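Comments concern the structure below.
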There are 2 protein chains.
Amino acid sequence: MPLEIKPSQALRLWRQVHLDLVRDGQADLSARQTAILLTIYLELPPHTVRGLAAQLGVTKPVITRALDTMGKLGLVSRKRDDFDRRNVVIQRTVAGALAVERLADLVVERAREMGGG
Amino acid sequence: MPLEIKPSQALRLWRQVHLDLVRDGQADLSARQTAILLTIYLELPPHTVRGLAAQLGVTKPVITRALDTMGKLGLVSRKRDDFDRRNVVIQRTVAGALAVERLADLVVERAREMGGG
DNA sequence: CCCGATCGTTACGGGTCCGTATCATTAGCC
DNA sequence: GGCTAATGATACGGACCCGTAACGATCGGG
């Protein structure tokens, strides 16, 4: 039961949601940061810097910096792993979950408004 | 004939497409840049700095800088308006059109892979 | 114990972007 | 011509991000 969508619809949806994000004055997340955020909130824990770097195909400092920024925004938090103290476990936050939920609603609503074609 | 999509589908689609963009090593466009690019390629010309700034709800320097960056990437180009030489007309490019088309195909394909739920 | 391997972080030099304020150029009108 | 209004570009100080390289902390096996 695949999701049917035409190229022109896809582009209009993509544009409209990005317009909404910009106009809402939300944090202007890059593609990398968005991918990291959604991976944390959609994939099963635990999440580590190493694992995220591998999934995204980027270096570890990229993840560290993104977590720094999103941490300041309250979207994620970090905690040392007590079983292997070299690891850092990335945790979800209430604010992050809310932001993700709002994004989902935004996409759903804008999709609903997309006429056929 | 609205486009039906569930919140969980929307999030998975959003994540997967962003993952693809990151992994393809493409230019890591911000939400603002994406909104600008798609507006130029989806809305009817002519496009001006002023008009784009108004549509996005941002200041003019934001548009100027974004056009600088995308110009270097070959995604857009600028030309002075011969009828009113204060204006700058933003033009599409072959590379830009290709990039937009690739994005559309990416979204369509990833949507097709989204199972129900 | 110690030493190599692995973890996440930090340092560095360079680039981009931000918002505000200012600028040069052009248009339009008297 | 001179004035105002409008356009897009630029200057500024500050913040963020990049990739590479190095770092301290920790684990685990000999």
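In this text the structure is predicted, and so the values were computed from the model without any measurement. In what follows, chains carry the letters A, B, and so on, assigned in the order in which the sequence lines appear, proteins first and then strands, with residues in each chain numbered from 1.
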* Reading 5' to 3' through nucleotides 4-16 of chain D, protein heavy-atom contacts under 4.0 Å coded B for base, S for sugar-phosphate only, - for none -> -BBSBSB-----S
* Reported CD1-to-OH distance for the pair A/Ile90 and A/Tyr41, which is rounded to 0.5 angstrom -> 11.5 Å
* Bend angle of the helix from C/dC1-D/dG30 to C/dC30-D/dG1, end axes from five pairs each (to 10°) -> 10°
* To do: Please identify each residue that fulfils salt bridge (Lys or Arg N to Asp or Glu O under 4.0 Å) with B/Arg65, with sequence neighbours left out.
  => none
* Asked: Rounded to whole angstroms, how far apart are CG on A/Asp81 and C1' on C/dT9?
  -> 17 Å
* Asked: Roughly, in whole Å, what's the span from CG in A/Leu52 to P in C/dC7?
  -> 13 Å
* To do: Could you tell me the separation between the CG atom of B/Leu29 and the C1' atom of D/dC17, rounded to a whole number of Å?
  => 15 Å
* **Euclidean distance, atom NZ of residue A/Lys79 to atom P of C/dG8 [Å, nearest integer]** => 14 Å
Please list, one pair per line, the donor and acceptor atoms closer than 3.5 Å that link side chains of residues 45-58 of chain A to other protein atoms, with sequence neighbours excluded.
residue: A/His47; atom: NE2; partner: A/Ile40; partner atom: O; Å: 3.3
residue: A/His47; atom: NE2; partner: A/Glu43; partner atom: O; Å: 3.0
residue: A/Thr48; atom: OG1; partner: A/Gly51; partner atom: N; Å: 3.0

* Listed by chain and number, what are the salt bridge (Lys or Arg N to Asp or Glu O under 4.0 Å) partners of A/Glu113, not counting sequence neighbours? -> A/Arg110
* Asked: How close or far is atom P of C/dG8 from atom CG of A/Asp82, stated in whole angstroms?
  -> 15 Å
* salt bridge (charged side-chain N to carboxylate O under 4.0 Å, His left out): which pairs involve residues 66-78 of chain B, sequence neighbours left out? -> B/Asp68-B/Arg78
* With sequence neighbours left out, what residues match A/Asp24 under side-chain contact (heavy atoms from CB on, under 4.5 Å)? -> A/Gln26
* Asked: For A/Phe83 and D/dC27, what is the distance between atoms CZ and P respectively, to the nearest whole Å?
  -> 12 Å
* Please tell me which of A/Val62 and A/Asp84 maps to the more 5' nucleotide of DNA chain D, matching each residue to the nucleotide holding its nearest heavy atom. => A/Val62
* Would you please name every residue forming a ring-ring contact (aromatic ring centres under 6.0 Å, His included) with B/His18, sequence neighbours left out? => A/Trp14, B/Trp14
* To do: Identify, with sequence neighbours excluded, every residue that meets side-chain contact (heavy atoms from CB on, under 4.5 Å) alongside A/Asp81.
  => A/Phe83, A/Asp84, A/Asn87, A/Val89
